[in-house]
Engineer: 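Before anything else, here's the structure in question.
Everything numeric here is computed off the predicted structure, so don't read it as measured data. Side-chain atoms are counted along with the backbone in the values below, which use heavy atoms only and exclude waters and symmetry mates. Each chain gets a letter, A, B and so on, in the order the sequences are listed, and its residues count up from 1.
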2 protein chains.
Amino acid sequence: MSVEPLPNIDRSTLRERVLRALRSAITSGAYRPGDHLGEVELAGRLGVSRGTVREALRHLQQEGLVTAGHRGMLRVNTLSAEEIRGLFRVRAALEGLAVTEIIARPDRSAAVAALRAAVDELAGAGEDFAAKVEADLGFHVRLCELSGNPMLVESWRHLEGRIRVTIMNRDPEEAPAMMTPGRHAPIIEAIERGDLPGALAVVEEHMAAAADHFTSTPAR
Amino acid sequence: MSVEPLPNIDRSTLRERVLRALRSAITSGAYRPGDHLGEVELAGRLGVSRGTVREALRHLQQEGLVTAGHRGMLRVNTLSAEEIRGLFRVRAALEGLAVTEIIARPDRSAAVAALRAAVDELAGAGEDFAAKVEADLGFHVRLCELSGNPMLVESWRHLEGRIRVTIMNRDPEEAPAMMTPGRHAPIIEAIERGDLPGALAVVEEHMAAAADHFTSTPAR
DNA sequence: CTCCCTCCGACTGTCGACAGACTACCTGCC
DNA sequence: GGCAGGTAGTCTGTCGACAGTCGGAGGGAG
């Protein structure tokens, strides 16, 4: 009998695929903040039933990507400057916990190597804006994952949608300044030194700078 | 024309009411961790359609109260000891941010008064286990709310379901030791003194003790 | 010209039904 | 007696339809 590799069968439900499609459409900027997301229109455009779209939209609502407006109508979420500042303070707290746990772990050097690889991806993204965003967020997710605390990852991911709309709502010309290897390297170095206070301060400063950036840069 | 007070009309959707009913049923212990939650059975018991129950269940899944088992079947979530420890470390990080922001605010004394009121509720709960749980969680939610950072509250609430199943999965005879006014007062005192490092240490210790408690106490 | 009433269109809320997939059991053959 | 194959039962996945509610356009009365 043949042992040829068979293609992996996609076992995801239709709802999951619709969810990914909608999330991607929003975070890629195809839908602008404030845009109305009608169930019938989306269902027709995606070729699925309303119920399926509805479940995906409800999921995105809990993620904070879309928000309920008048009469339950859903719109792409818009974050105020104050919300953005709060969001990045929460991120600082979560990622501060991440570096705390990483430094406390015995395999710290492995984590450092993984983080360096993530920064390399960021450097290799070149001028591709979308790739830069993915690499930047990839670094921070990796940071949380390396803590070995799944609940921390879960909490961070709960904020991910809001982070993405914040980034995508800004002028792509302005954003790259935040997503450079140079802004992430100090975090790794502090972890490598085992310098917990220093690492916390760097993370704090990183997030404060990002919050400043996204609240001062004009929305596109 | 009469200005008599009219009763408030409940504008919540059926889905929201089902959601609250299910959440309450789980966190009150009516359903035990691991119990299967069938859509048809719940729909029949609640007298609503499957779709409505389904949406509520999906919401609870995102909250972490229920988890998908084999073939998409949902069950009441069970947290491992490791997950509980991670959960309380994330809580410590979030509530640490809360006290940080409270201490930085100009109206710190108002926050102190509000927190004292919350502790009084805890003291007044007497021996009623459910009331104690509500008062305890009420204190910690209040703590987050008083930070003035809605995103922080949102993140905390995202963990609330998991916190509740952790509490309710323990023997009610053992739990009250964690939920005393004496365990919460030091947090308030440190905030009142404006002692940020002290407040952080107290929160950290509070959460570590809770995690120890819930991972050493036998599941009922 | 303005205001009010009515009708129409659009959107979400809720429901019942069909289909697909997996389990467990049961039967018949070796 | 054991195993392969078939077969009912049960659960979720997905769909289409009906109903309720709101906003706005349009027409008629003052």
Side-chain angles (χ1 to χ4, degrees), chain A residues 1 6-23 25-26 30-78, chain B residues 1 6-26 31-78:
Chain A
M1 175 178 171
L6 287 169
N8 287 338
I9 306 298
D10 181 14
R11 296 279 290 167
S12 65
T13 66
L14 188 55
R15 179 190 130 266
E16 291 173 312
R17 295 194 294 272
V18 168
L19 173 60
R20 281 195 292 268
L22 288 178
R23 183 163 32 211
I26 294 174
Y31 288 97
R32 308 288 319 145
D35 280 0
H36 169 61
L37 298 173
E39 295 177 359
V40 277
E41 182 197 334
L42 293 174
R45 190 172 302 190
L46 292 166
V48 300
S49 90
R50 251 189 68 213
T52 305
V53 170
R54 186 183 175 81
E55 285 189 25
L57 285 174
R58 283 268 127 75
H59 193 105
L60 293 175
Q61 184 181 7
Q62 240 174 317
E63 281 186 8
L65 249 82
V66 307
T67 184
H70 189 56
R71 223 185 121 54
M73 295 205 198
L74 297 177
R75 338 160 56 82
V76 178
N77 197 4
T78 312
Chain B
M1 175 178 172
L6 287 170
N8 286 337
I9 305 298
D10 182 14
R11 295 280 289 167
S12 65
T13 65
L14 187 57
R15 179 191 130 266
E16 290 172 312
R17 296 193 293 272
V18 168
L19 173 59
R20 280 194 293 268
L22 288 178
R23 188 190 287 133
S24 168
I26 294 173
Y31 288 97
R32 308 287 319 144
D35 281 0
H36 170 60
L37 298 174
E39 295 177 0
V40 278
E41 181 197 335
L42 293 174
R45 190 172 301 191
L46 293 167
V48 300
S49 91
R50 252 189 68 214
T52 305
V53 170
R54 186 183 174 81
E55 285 189 24
L57 285 174
R58 283 268 127 75
H59 193 105
L60 293 175
Q61 184 180 9
Q62 239 173 319
E63 281 186 8
L65 248 81
V66 306
T67 183
H70 188 53
R71 224 185 117 54
M73 294 204 199
L74 297 178
R75 340 163 57 82
V76 178
N77 197 4
T78 311

Engineer: CD1 of B:Ile9 versus P of D:dC22: gap in Å, rounded?
Structural biologist: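 Taking CD1 of B:Ile9 and P of D:dC22, I get 12 Å after rounding.
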
Engineer: Report the distance from atom CD of B:Glu39 to atom P of D:dC11, rounded to the nearest whole Å.
Structural biologist: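 So the two atoms are 11 Å apart, to the nearest Å.
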
Engineer: Please report the C-alpha distance between A:His36 and A:Glu41 in whole Å, then the side-chain angles of each, then the deciding distance to 0.1 Å, and finally whether the side-chain contact (heavy atoms from CB on, under 4.5 Å) criterion is met.
Structural biologist: CA-CA 10 Å; A:His36 169 61; A:Glu41 182 197 334; 5.7 Å; no

Engineer: Show the distances under 3.5 angstrom between N or O atoms of the protein and N or O atoms of nucleotides 15-18 of chain D.
Structural biologist:
from: D:dC15; atom 1: OP2; to: A:Ser49; atom 2: N; distance (Å): 3.0
from: D:dC15; atom 1: OP2; to: A:Ser49; atom 2: OG; distance (Å): 3.4
from: D:dC15; atom 1: OP2; to: A:Thr52; atom 2: OG1; distance (Å): 2.9

Engineer: Could you tell me whether the side chain of B:Arg58 and the main chain of A:His59 form a donor-acceptor pair under 3.5 Å?
Structural biologist: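 No; judged by distance alone, with no hydrogens or angles, the pair does not exist.
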
Engineer: Would you mind classifying the nucleic acid contact of A:Leu57 as base, sugar-phosphate or nothing, using non-hydrogen atoms under 4.0 angstrom?
Structural biologist: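 The residue A:Leu57 makes no contact with any strand.
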
Engineer: Rounded to the nearest Å, what distance is computed from the CG atom of residue B:Leu46 to the P atom of nucleotide C:dT14?
Structural biologist: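 One finds 13 Å between P of C:dT14 and CG of B:Leu46, rounded.
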
Engineer: How close do A:Arg23 and A:Leu60 get, counting heavy atoms only, and between which atoms?
Structural biologist: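 What the structure gives for the nearest pair is CB-CD2, 3.9 Å.
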
Engineer: In whole Å, what is the span from the CG atom of A:Leu74 to the C1' atom of C:dA10?
Structural biologist: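 About 15 Å, once rounded to whole Å.
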
Engineer: Backbone N or O of B:Ser12 within a donor-acceptor pair of the B:Arg17 side chain at under 3.5 Å?
Structural biologist: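 Here the side-chain-to-backbone pair exists.
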
Engineer: What's the CE-P distance between A:Met73 and D:dT21, to the nearest Å?
Structural biologist: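 Distance, rounded to whole Å: 15 Å.
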
Engineer: Donor-acceptor pair, B:Glu16 side chain versus B:Thr13 backbone, under 3.5 Å?
Structural biologist: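 Present.
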
Engineer: Calculate the interatomic distance between A:Glu41 atom CD and C:dT12 atom C1'; express it in whole Å.
Structural biologist: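 About 15 Å, once rounded to whole Å.
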
Engineer: Under the side-chain contact (heavy atoms from CB on, under 4.5 Å) rule, what do A:Thr52 and A:Leu46 come out as? Steps first, then yes or no, please.
Structural biologist: CA-CA 10 Å; A:Thr52 305; A:Leu46 292 166; over 6 Å; no

Engineer: Side chain of A:Arg54, heavy atoms from C-beta onward: which of D:dG13, C:dT14, D:dC11 has the nearest atom to it?
Structural biologist: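 Ranking D:dG13, C:dT14, D:dC11 by closest atom to the A:Arg54 side chain puts C:dT14 first.
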
Engineer: The side chain of A:Arg11 lies closest to which of these nucleotides: D:dG13, C:dT14, C:dC22?
Structural biologist: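 Nearest nucleotide to the side chain: C:dC22.
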
Engineer: How many Å lie between NE2 on A:His70 and C1' on D:dG24, as a whole number?
Structural biologist: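 Checked: the NE2 to C1' distance equals 13 Å.
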
Engineer: Starting from P on C:dT12, measure out to CZ on A:Arg71 and report it in whole angstrom.
Structural biologist: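 Atom CZ in A:Arg71 sits about 9 Å away from atom P in C:dT12.
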
Engineer: Only one of A:Arg75, A:Met73, A:Gln61 clears side-chain contact (heavy atoms from CB on, under 4.5 Å) with A:Val66; which?
Structural biologist: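 Running side-chain contact (heavy atoms from CB on, under 4.5 Å) over A:Arg75, A:Met73, A:Gln61 with A:Val66 returns exactly one hit, A:Gln61.
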
